[in-house]
Amino acid sequence: MELRLSPTTMPTTVRPTLAPRLSANQVAGGADGGFSGALKSALSSVSAAQNDATRLQTEVQMENPKVSLEQTMVAIQKAQIGFQATLHVRNRMVQAYTDIMNMQV
């Protein structure tokens with residue numbers, strides 16, 4: 001699960017120096033490759049990691065010899081770290097929203 005954005009893989013809508021000029025409709029509608037697209041893909045990868053960890057945990061409980069306990073524990077830890085990172089991002093976004101809403105105009 002790769003959540004880092006390097007300058008070369010960052011969407012052009014985020015890089016103002018390289019971004020093409022967008023019309024008002026494009027900005028209002030949002031682009032799939034922008035922040036919302038990155039957030040959706042990160043959430044889907046966290047969800048997939050959690051589903052994989054749950055599946056492996058069930059296989060270990062059913063005593064499947066093809067699934068090791070170590071593999072299951074690593075998958076659970078990956079899912080937990082991904083969830084914690086998602087939770088931190090959500091908390092930062094809520095804090096930013098409340099800061100903006102409390103600004104004096």
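At least one donor-acceptor pair under 3.5 Å links the side chain of Thr58 to the backbone N or O of Thr54. In this structure a side-chain-to-backbone donor-acceptor pair under 3.5 Å is missing from Ser47 to Ser44.
A heavy-atom distance below 4.5 Å is found between the side chains of Val74 and Lys78.
Atom-to-atom distance recorded for His88:NE2 and Gln84:CD is 6.0 Å, nearest 0.5 angstrom. Taken to the nearest 0.5 Å, the CG atom of Asp52 stands 8.0 Å off from the CD atom of Gln71. The OG1 atom of Thr98 lies 10.0 Å from the CE atom of Met103; values are rounded to the nearest 0.5 Å. A distance of 8.0 Å separates CD1 in Ile76 from CG in Leu69, rounded to the nearest 0.5 Å. For the atom pair CZ of Arg92 and CG of Asp99, the computed distance is 11.0 Å after rounding to the nearest 0.5 Å. Separating the CZ atom in Arg55 from the CG atom in Asn64 is a distance of 9.5 Å, to the nearest 0.5 Å.
Shown here for Ala42 and Ser45, the closest heavy-atom pair between the two residues is O-OG, 2.8 Å. For Ala53 against Ala75, the heavy-atom pair with the smallest separation is CB-O, 3.7 Å.
Hydrophobic cluster membership is shared by Phe35 and Leu43, with clusters built from Ile, Leu, Val, Met, Phe, Trp and Tyr side chains linked at under 4.5 angstrom.
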